[in-house]
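Below: one structure, written as structure tokens.
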Amino acid sequence: MPSLAIIGAQWGDEGKGKITDYLDEQADLIVRFQGGNNAGHTIIVDGKTFKLHGLPSGVVRPGKLAVIGNGVVVNLEELGDEINHVIANGGSVDGLRISDRAHLIMNYHKKLDGAEEKYRGKNVVGTTKKGIGPAYQDKIARIGFRAGDLLEDDLLDDKIAFILPYKKDMLDLMEAEPCSCTVESLLDKMRGWRDMVGRYICDTSVLVNDALDQGKNVIFEGAQGAMLDIDHGTYPYVTSSATCGGGICTGSGVAPNRIDGVLGVIKAYTTRVGEGPFVTELSGEEELALQHKGGEFGVTTGRGRRCGWLDLVVCEHASRMCGFTSMGITKIDVLNDTPDLPVCVAYEIDGEEVKHFPASIAKLNRAKPVYEHFKGWNGWRPEDTMSVVKAGYDNLPGEMREYIEFVEKYLKVPADIISLGPDRDETIDRRGDWWN
């Protein structure tokens with residue numbers, strides 16, 4: 001299997017970064033295909049913590065190529081800070097490659113993002129205000145800057161002279177914080193970006209396809225989760241890119257027949273950040289307890305995540321949209337010592353039982369979860385986790401295995417990876433060889 005995609009099955013924060021980092025030891029390329037620095041993931045390697053947003057997870061692995069594909073929007077100022085963070089923590093970014101077709105997040109995008117959210121009033125989406133949406137808007141409107149533009153001074157000069165006055169008018173119209181830069185100062189800044197990352201910019205579609213032709217192992221790494229997909233997620237409370245399986249092809253420049261397997265990452269309970277429907281959401285002390293036990297605070301925003309029980313209606317929708325061939329179940333250790341574990345298997349909407357995720361936000365807001373209940377299990381001390389991993393899947397508590405096997409049966413997908421902690425080694429791999 002020379003290519004494997006890793007996609008979150010919920011609203012992000014499922015632990016994709018940890019799973020990618022675990023699997024990329026034998027990968028040659030790790031490719032981000034959508035999203036921007038609104039997605040955060042934490043990687044722990046040999047006791048060192050790397051908090052990544054724009055960089056692909058595999059960048060901390062020496063000898064790997066970490067590719068930012070054309071479907072990603074890139075904030076080069078923050079990417080520079082992240083590069084410095086990795087180097088300061090003993091890592092290297094020599095393997096970084098940035099698509100010349102990847103669009104750039106400008107400072108005016110962030111200002112417009114905040115202004116648009118304010119303009120929505122009570123209809124806020126819950127954006128991270130990182131400028132992701134406005135950058136994608138400019139991409140579709142054909143007035144965006146691309147990474148490859150940095151390499152061509154004449155083109156850059158002409159584009160800035162055309163785009164900057166337009167954006168200043170937009171900022172004024174939206175009553176946003178004004179932009180003080182001039183054509184000359186912005187050109188100067190973008191030349192600085194070229195000096196910083198120019199050596200990494202190339203046609204990454206050719207790079208990735210050549211690697212696949214040579215039989216090299218390629219991981220496609222998704223950001224956010226399937227339920228934030230611009231088409232198939234909880235619209236309008238979604239991100240601005242294609243997070244499902246189809247986004248791999250459009251966001252990295254490969255054909256559908258080049259994707260050999262799709263690993264869906266499922267958190268053993270459900271979380272989401274920002275606004276939008278959440279059928280199994282908890283409240284009060286019950287939610288706070290799960291939030292603190294699971295460390296559910298955003299890497300990017302620091303906000304506490306909304307928490308609820310596992311929703312298999314959501315996971316089935318994601319599996320169908322993405323074509324999961326394997327699952328990785330994460331944070332199941334967080335559920336240790338929980339006496340009763342409800343799992344949502346359907347919704348009740350207007351007196352009818354619904355088993356497929358509806359498009360209608362109004363219906364989702366009226367939906368009530370239909371639960372099956374599972375007996376919890378006694379856990380173990382954190383310092384004993386590695387001995388539990390070494391004992392293997394068959395020696396996990398019987399109730400935990402029953403919980404996992406119910407998910408497998410419901411989704412008709414094998415749970416090949418069971419994550420029992422944040423560290424790379426705290427992982428039970430039931431498959432072993434992922435590349436044959």
Side-chain angles (χ1 to χ4, degrees), residues 12-13 16-17 30 32-43 49-60 66-89 91-117 127-139 144-150 167 176-177 179-181 185-186 188-201 204 221-224 239-241 251 273-274 297-303:
D13 308 308
K16 299 178 297 298
I30 299 89
R32 272 281 304 273
F33 60 86
Q34 51 77 217
N37 60 319
N38 56 339
H41 43 258
T42 301
I43 306 297
T49 300
F50 298 88
K51 293 183 181 294
L52 306 179
H53 303 269
L55 291 172
S57 297
V59 77
V60 300
V67 177
I68 295 176
N70 61 276
V72 180
V73 289
V74 186
N75 183 318
L76 286 175
E77 288 188 0
E78 295 194 17
L79 191 74
D81 292 339
E82 199 167 319
I83 288 170
N84 291 334
H85 164 72
V86 170
I87 293 171
N89 281 275
S92 168
V93 296
D94 289 347
L96 177 64
R97 299 292 183 272
I98 302 171
S99 171
D100 51 8
R101 292 173 169 85
H103 278 249
L104 303 182
I105 299 171
M106 310 298 288
N107 194 43
Y108 52 71
H109 289 138
K110 293 195 289 183
K111 293 179 178 182
L112 285 168
D113 204 353
E116 288 177 5
E117 192 76 338
T127 170
T128 57
K129 300 179 183 177
K130 293 280 188 178
I132 309 298
Y136 277 115
Q137 288 174 28
D138 279 4
K139 176 179 179 175
F145 289 101
R146 303 201 295 182
D149 296 343
L150 299 176
K167 286 300 171 183
E177 180 187 346
C179 175
S180 60
C181 62
S185 67
L186 185 52
D188 229 26
K189 177 183 285 190
M190 296 182 80
R191 284 171 172 162
W193 292 347
R194 177 183 62 204
D195 294 340
M196 178 178 70
V197 301
R199 62 189 179 278
Y200 304 125
I201 297 171
T204 56
E221 178 190 12
Q224 290 102 16
T239 192
S240 302
S241 58
V273 173
F297 298 91
V299 175
T300 300
T301 64
R303 288 182 291 185

Lys110 side, atom NZ; Cys179 side, atom SG - distance, nearest 0.5 Å: 12.0 Å
Whether Gln224 side chain and Thr239 backbone form a donor-acceptor pair below 3.5 Å: no
Between CE on residue Met196 and CD1 on residue Ile83, distance to nearest 0.5 Å: 5.5 Å
Asp149: partners by side-chain hydrogen bond (donor to acceptor under 3.5 Å, both in side chains), with sequence neighbours left out: Lys159
Among Val73, Ile98, Ile201, the one residue meeting side-chain contact (heavy atoms from CB on, under 4.5 Å) with Ile68: Ile98
Tyr136 side chain to Gly131 backbone, donor-acceptor under 3.5 Å: no
Listed partners of Asn89 passing side chain to side chain contact (heavy atoms under 4.5 Å, CB included), at least two apart: Phe50, His85
Spacing of Ser185 atom OG and Met190 atom CE [to the nearest 0.5 Å]: 11.5 Å
From Ile105 atom CD1 to Asn37 atom CG, the distance as rounded to the nearest 0.5 Å: 4.5 Å
Results of side-chain hydrogen bond (donor to acceptor under 3.5 Å, both in side chains) for Arg191 - residues two or more places apart only: Asp153
His109: side-chain hydrogen bond (donor to acceptor under 3.5 Å, both in side chains) partners, not counting sequence neighbours: Asp138
Pairing residues for Glu82 by the side chain to side chain contact (heavy atoms under 4.5 Å, CB included) criterion, not counting sequence neighbours: Leu52, His53, Leu55
Partners passing side-chain hydrogen bond (donor to acceptor under 3.5 Å, both in side chains) against Arg97 (at least two apart in sequence or in another chain): none
Nearest atoms (heavy-atom pairs only) where Gln34 meets Ser241: NE2-OG, 2.9 Å
Point-to-point distance, once rounded to the nearest 0.5 Å, from CG of Leu104 to CG of Leu150: 5.5 Å
Atom pair CD/NZ of Glu177 and Lys111 - distance to nearest 0.5 Å: 4.0 Å
With sequence neighbours excluded, residues passing side chain to side chain contact (heavy atoms under 4.5 Å, CB included) with Ser92: Asp94
Shortest non-hydrogen contact between Gly133 and Ser240, atoms and distance: CA-OG, 3.3 Å
